[in-house]
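Read the structure below first, then the notes.
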Protein chains: 2
Amino acid sequence: MSRPLTARQQTVYDFIVKTMAEFGYPPTRAEIARALGFRSPNAAEEHLRALDRKGVIRMIPGTSRGIRLPAGETESEVTAETRSEDADAGLPIVGNVAAGSPILAAEHIDRYCPMPADYFTPKADYLLRVRGLSMKDAGILDGDLLAVHRTQDVRDGQIVVARIEDDVTVKRFQRHGSHVTLVAENPDFAPIEIDLENEHLEIEGLGVGVIRGGGSGLQ
Amino acid sequence: MSRPLTARQQTVYDFIVKTMAEFGYPPTRAEIARALGFRSPNAAEEHLRALDRKGVIRMIPGTSRGIRLPAGETESEVTAETRSEDADAGLPIVGNVAAGSPILAAEHIDRYCPMPADYFTPKADYLLRVRGLSMKDAGILDGDLLAVHRTQDVRDGQIVVARIEDDVTVKRFQRHGSHVTLVAENPDFAPIEIDLENEHLEIEGLGVGVIRGGGSGLQ
DNA sequence: GCAATGACTGGATACAATCCCAGGCTGTAT
DNA sequence: ATACAGCCTGGGATTGTATCCAGTCATTGC
């Protein structure tokens with residue numbers, strides 16, 4: 001999707017990550033400029049804009065130190081090429097699935113969870129970071145990792161990862177003939193009704209487990 | 001150590017932790033004031049000084065958002081590097097703790113979960129199989145594994161493993177002087193009130209994560 | 001009774017920080 | 001040749017933020 005970072009942009013990004021790991025808060029433009037030898041904070045500003053355009057950071061307008069790392073990872077010395085092929089890296093963690101792109105595309109994988117795939121049954125293929133509280137009564141909260149087994153073969157009552165018109169969602173599956181209902185486990189959310197003859201529904205996989213607390217602790 | 005936090009100071013501390021977990025950077029005085037309903041940022045400033053004196057935060061003078069959590073409660077301080085200390089066996093899974101026996105006694109350990117202890121922060125020492133639905137609104141269901149960090153040092157609002165008169169339970173912790181309330185996250189369960197001067201309460205550890213689905217799949 | 005402390009309001013000030021504008025210099029693609 | 005993007009200097013307006021000062025009110029220990 002977005003072009004890779006230039007060498008200079010990577011340097012700026014690395015400095016942001018290092019600062020957050022060391023101090024617990026992001027740097028200012030002036031601090032970036034000082035660290036990298038710029039004489040003007042505007043040089044840092046422009047780099048930040050570029051990093052924001054490319055999606056590796058997010059800028060919060062008007063806010064001091066308003067820099068966020070969407071992946072939430074502040075590991076040391078992360079170069080964007082740290083995504084080696086799985087082997088024993090564990091399960092890939094997938095977050096923020098953009099509309100229209102395959103769920104396991106490399107740019108969505110922000111880190112790995114060092115856990116064997118076959119701890120779950122059926123085995124997990126990846127972990128999906130869940131957003132929102134639509135499944136809270138099923139014990140799946142915002143930010144949780146849902147262990148997903150890739151399959152199209154799902155049954156009534158199971159928790160599935162579905163894609164409706166390029167939108168990825170986690171819901172409970174219910175089918176009557178050619179009509180599918182995706183039920184949220186939260187009274188605040190209405191069920192999603194899909195007529196398979198008119199609308200397109202793709203089943204990405206089956207929820208086989210939940211992991212909470214990797215890095216952030218419990219609330 | 002220093003004196004415990006007052007209720008108000010605890011509220012401010014909680015807000016700082018929550019903000020850092022959610023946004024990746026600490027709040028300003030004004031943001032604290034707005035969130036807690038102060039009309040003056042000075043109220044927040046004085047609370048921050050008190051928290052700094054008591055050692056639970058550290059203020060960096062002259063720096064916007066210059067608040068640090070020395071202990072490392074933020075997601076920023078994760079070094080998800082797999083320390084190969086006991087990464088072989090994984091975390092022991094503890095279930096059905098009998099009354100009167102230590103929680104990590106060998107006869108309770110029925111199996112191991114092949115997951116590195118330091119995937120969670122602070123690190124998990126064991127996994128406790130939770131029975132009942134008393135914490136269902138916190139997303140902890142019957143049969144879930146609660147990752148537990150062994151410590152006595154717990155704060156208001158945290159999910160703890162406690163032992164009252166030989167009974168092990170998972171609840172949210174709340175303290176007022178010598179009076180402790182263990183709050184269930186389920187309206188069907190009444191809070192447990194403990195007067196530390198008459199009853200015995202032992203904190204076994206702090207809940208740092210949840211794992212669901214090992215072996216059985218999701219319901 | 002009195003000092004000390006916690007928890008604020010309200011106002012003020014000086015610096016920190018974001019963000020805009022106007023350039024310049026280097027490549028690389030058209 | 002020309003256009004364009006990346007990378008940087010320098011300056012400046014505007015807002016964000018930390019920090020101080022002067023009080024009020026209530027509680028607690030002495």
Side-chain angles (χ1 to χ4, degrees), chain A residues 1-16 19-20 23-69 79-80, chain B residues 1-16 19-20 22-69 155-156 175-179:
Chain A
M1 188 169 212
S2 57
R3 287 185 303 286
L5 304 188
T6 67
R8 213 69 179 118
Q9 288 165 1
Q10 184 68 51
T11 312
V12 174
Y13 178 76
D14 286 344
F15 176 72
I16 295 170
T19 301
M20 293 185 70
F23 298 107
Y25 45 79
T28 64
R29 275 72 163 158
E31 286 165 359
I32 295 172
R34 206 176 315 132
L36 303 197
F38 307 154
R39 299 210 190 187
S40 165
N42 188 46
E45 170 84 16
E46 283 173 0
H47 275 118
L48 291 180
R49 283 183 201 282
L51 291 172
D52 186 281
R53 271 200 311 276
K54 295 187 178 181
V56 296
I57 69 166
R58 235 162 75 202
M59 295 172 69
I60 288 87
T63 305
S64 72
R65 301 180 192 273
I67 300 174
R68 297 182 66 174
L69 303 182
T79 56
Chain B
M1 214 210 271
S2 52
R3 287 186 308 284
L5 305 188
T6 67
R8 213 70 180 115
Q9 289 165 2
Q10 183 71 49
T11 313
V12 174
Y13 177 79
D14 288 344
F15 176 72
I16 295 170
T19 301
M20 294 184 70
E22 187 175 345
F23 298 108
Y25 45 79
T28 64
R29 275 71 164 160
E31 285 166 0
I32 295 172
R34 207 176 315 133
L36 303 197
F38 307 153
R39 300 211 191 186
S40 165
N42 187 46
E45 170 82 15
E46 283 172 0
H47 275 119
L48 290 180
R49 284 184 199 281
L51 291 172
D52 187 279
R53 272 198 310 276
K54 295 186 178 180
V56 296
I57 70 167
R58 235 162 75 202
M59 294 172 70
I60 289 87
T63 306
S64 71
R65 302 179 191 274
I67 300 174
R68 297 183 66 174
L69 302 182
R155 298 182 196 287
D156 274 15
R175 178 171 187 164
H176 305 98
S178 73
H179 189 86

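For clarity, every value in this text was computed on a predicted model and none was experimentally measured. Residue numbering restarts at 1 for every chain, and letters A, B, ... go by the order of the sequence lines.
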Under-4.0 Å side-chain N/O to phosphate OP1/OP2 contact, B/Arg65 with D/dA18
no
A/Gln9 CD to D/dC8 P, in whole Å, measures 10 Å
A/Leu48 CG to C/dC20 P, in whole Å, measures 13 Å
Between the side chain of A/Thr11 and the main-chain N/O of A/Gln9, is any donor-acceptor distance below 3.5 Å?
no
- request: Using only side-chain N and O atoms of B/Thr6, determine if any of them is under 4.0 Å from OP1 or OP2 of C/dA7.
  value: yes
Correct closest heavy-atom pair for B/Ala33 and B/Ala44 would be N-CB, 4.2 Å
Given the structure, check if the side chain of B/Ser40 and the base of C/dG10 hold any donor-acceptor pair shorter than 3.5 Å. yes
Between CZ of B/Arg29 and C1' of C/dC15 the distance, given in whole Å, is 14 Å
| query | When you measure from the centre of the six-membered ring of B/Tyr13, is the NZ or CZ of B/Arg155 under 6.0 Å away and within 45° of the axis? | reply | yes
Closest to the side chain of A/Ser64, out of C/dC20, D/dC8, D/dG16, is D/dG16
Atom CD1 of A/Ile67 and atom P of C/dC19 are separated, to the nearest Å, by 10 Å
Note to self: Check this one for me: any side-chain N or O of A/His47 less than 4.0 Å away from OP1 or OP2 of D/dG6?
What the structure shows: no
Taking D/dT17, C/dA17, C/dC8 as options, the one with an atom nearest any side-chain atom of B/Thr28 is D/dT17
Here the distance between atom P of C/dG6 and atom OH of B/Tyr13, to the nearest Å, is 19 Å
note: A/Arg53, atom CZ; D/dC7, atom C1'; distance rounded to Å ~ 12 Å
Of the candidates C/dC8, D/dT19, C/dG10, the side chain of B/Arg39 sits closest to C/dG10
Does C/dC20 have OP1 or OP2 sitting under 4.0 Å from an N or O in the side chain of A/Arg49?
yes
Rounded to whole Å, the CD-P distance (B/Glu46 to D/dT19) equals 13 Å
B/Leu51 atom CG is separated from C/dA7 atom P, nearest whole Å, by 10 Å
Between B/Tyr25 and A/Gly66 the two heavy atoms that sit nearest each other are CE2-CA, 4.0 Å
- [ ] Could you go through the side-chain contact (heavy atoms from CB on, under 4.5 Å) check for B/Leu51 and B/Ile16 one step at a time?
- [x] CA-CA 11 Å; B/Leu51 291 172; B/Ile16 295 170; 4.1 Å; yes
I'd like to know if B/Asn42 reaches the base of D/dT19 with its side chain such that a donor and an acceptor end up less than 3.5 angstrom apart.
no
